[in-house]
Amino acid sequence: MIISYYYKIKGHSNVFEAIQNESGIRRIDNIYIDRDGNSEDNSFSIEQLMIEIDFKLWVFQVNREFDEIELILKSKLEINFEEYKEFNSLSNLKGLEIGSLFAIINERGYIDGVKLKLFSGILTSGTPPFCGTLTLISLASGLQYELSSVGIDTYLI
């Protein structure tokens, strides 16, 4: 509770606000990155990551003014896809479902990153197999990402 209060005073982004009214299965249909960024498929730093879920796009990017990660929900009509390309490094996530989204909040109350817990199978039918965690961290150079299927995340189910 104290962290939430502190966050409201200091932080600018609220990664949960964009999706708090979204219901249903959050199956990943596609993943895109910004074409104009300096990132390549083998780089771990990207400008913007878009995850397509049920005809909506979850856009993760760095708010440079506050050095925080932010999540914006957009429709396909709002995106000029000429500026984006499919993100081949994470293409194996297609078809997986996002079970939980965790915020990584620093000691000053700013959201430095997020963790997306990924599962295979339908989340509504019992306990689906845990596949891994996609972690996104905001840095001045852009978003850094890590995909992991081991570690403490396996116990956070």
Side-chain angles (χ1 to χ4, degrees), residues 3-4 7 11 13-35 37-63 67-79 81 83-106 109-139 141-157:
I3 291 175
S4 295
Y7 163 73
S13 298
N14 183 348
V15 293
F16 303 116
E17 188 176 317
I19 60 168
Q20 70 185 13
N21 294 324
E22 292 294 309
S23 61
I25 298 171
R26 300 181 286 189
R27 185 174 296 115
I28 298 172
D29 296 320
N30 217 336
I31 297 179
Y32 302 95
I33 58 170
D34 189 340
R35 228 185 254 276
N38 295 326
S39 57
E40 297 179 17
D41 280 350
N42 58 1
S43 170
F44 290 98
S45 180
I46 52 181
E47 281 295 313
Q48 194 176 65
L49 178 76
M50 291 193 317
I51 300 175
E52 183 180 350
I53 298 172
D54 197 26
F55 302 106
K56 292 183 183 168
L57 294 159
W58 292 24
V59 181
F60 292 94
Q61 60 191 21
V62 176
N63 178 327
D67 196 24
E68 285 187 297
I69 195 167
E70 60 185 5
L71 170 59
I72 301 166
L73 225 56
K74 293 187 177 185
S75 71
K76 282 185 156 187
L77 297 174
E78 296 175 85
I79 303 295
F81 279 94
E83 299 173 7
Y84 294 88
K85 64 180 178 180
E86 288 189 31
F87 196 26
N88 293 329
S89 294
L90 295 178
S91 64
N92 58 331
L93 301 183
K94 290 180 189 178
L96 296 181
E97 297 170 12
I98 299 172
S100 299
L101 174 72
F102 298 95
I104 301 170
I105 302 172
N106 70 18
Y110 292 97
I111 298 179
D112 282 344
V114 293
K115 285 185 171 278
L116 292 90
K117 293 192 57 63
L118 305 171
F119 297 88
S120 64
I122 299 174
L123 285 173
T124 55
S125 64
T127 306
F130 171 73
C131 287
T133 302
L134 176 62
T135 304
L136 299 169
I137 302 291
S138 66
L139 298 172
S141 61
L143 294 174
Q144 299 285 316
Y145 71 92
E146 176 186 60
L147 183 61
S148 174
S149 62
V150 296
I152 189 93
D153 297 309
T154 58
Y155 302 104
L156 295 176
I157 299 174

Heavy-atom side-chain proximity of Ile98 to Ile28 below 4.5 angstrom
yes

Discussion item. Quick one, Ile53 and Trp58 - any side-chain contact, counting heavy atoms below 4.5 Å?
Written reply: yes

Would you say the side-chain atoms of Lys115 and Thr135 include a donor-acceptor pair closer than 3.5 Å? yes

Does any non-hydrogen side-chain atom of Leu73 lie less than 4.5 Å from one of Leu57? no

All heavy atoms of Leu143 vs all of Gln48, minimum pair found to be CD1-CA, 4.4 Å

Rounding to 0.5 Å, atoms CD1 (Ile51) and CZ (Arg26) come to a distance of 10.5 Å

The reported gap from CG in Asp29 to CZ in Phe55 (rounded to nearest 0.5 angstrom) is 7.0 Å

Please answer whether the main-chain N or O of Asp67 pairs with a side-chain N or O of Asn63 as donor and acceptor at a distance below 3.5 Å. no

### Query
Given Tyr110 and Ile105, is the side chain to side chain contact (heavy atoms under 4.5 Å, CB included) satisfied, shown in steps?
CA-CA 5 Å; Tyr110 292 97; Ile105 302 172; over 6 Å; no

- Charged N-O contact under 4.0 Å between Arg27 and Glu97: yes

Worksheet entry | Side-chain touch Leu136/Ile104, heavy atoms, less than 4.5 angstrom | no

query: Do Thr133 and Leu118 have side-chain heavy atoms sitting under 4.5 Å apart?
result: no

Exercise for the section: Test Ile69 against Asp112 for side chain to side chain contact (heavy atoms under 4.5 Å, CB included), laying out the working first. Expected result: CA-CA 6 Å; Ile69 195 167; Asp112 282 344; over 6 Å; no

Rounded to the nearest 0.5 Å, the CG atom of Leu116 sits from the CG atom of Leu96 at a distance of 11.5 Å

### Query
Given Leu147 and Leu93, is the side chain to side chain contact (heavy atoms under 4.5 Å, CB included) satisfied, shown in steps?
CA-CA 10 Å; Leu147 183 61; Leu93 301 183; 3.8 Å; yes

**Asked** Does the side chain of Val59 reach to within under 4.5 Å of the side chain of Leu71, using non-hydrogen atoms?
**Response** no

message = Would you say that Ile33 contacts Leu90 through its side chain, given a criterion of any heavy-atom pair below 4.5 Å between the two side chains?
response = no

>> What I want to check is whether the side chains of Asn30 and Tyr32 have a donor and an acceptor closer together than 3.5 Å.
In response: yes

Indicate whether the side chain of Glu47 and that of Gln61 have a donor and an acceptor atom separated by less than 3.5 Å. no

When every non-hydrogen atom of Ser138 is compared with those of Glu68, the smallest separation belongs to OG-C, 3.5 Å

Does a side-chain heavy-atom distance below 4.5 Å link Phe60 with Val114?
yes

Taking every heavy atom of Cys131 against every heavy atom of Phe119, the minimum-distance pair comes out as SG-C, 3.9 Å

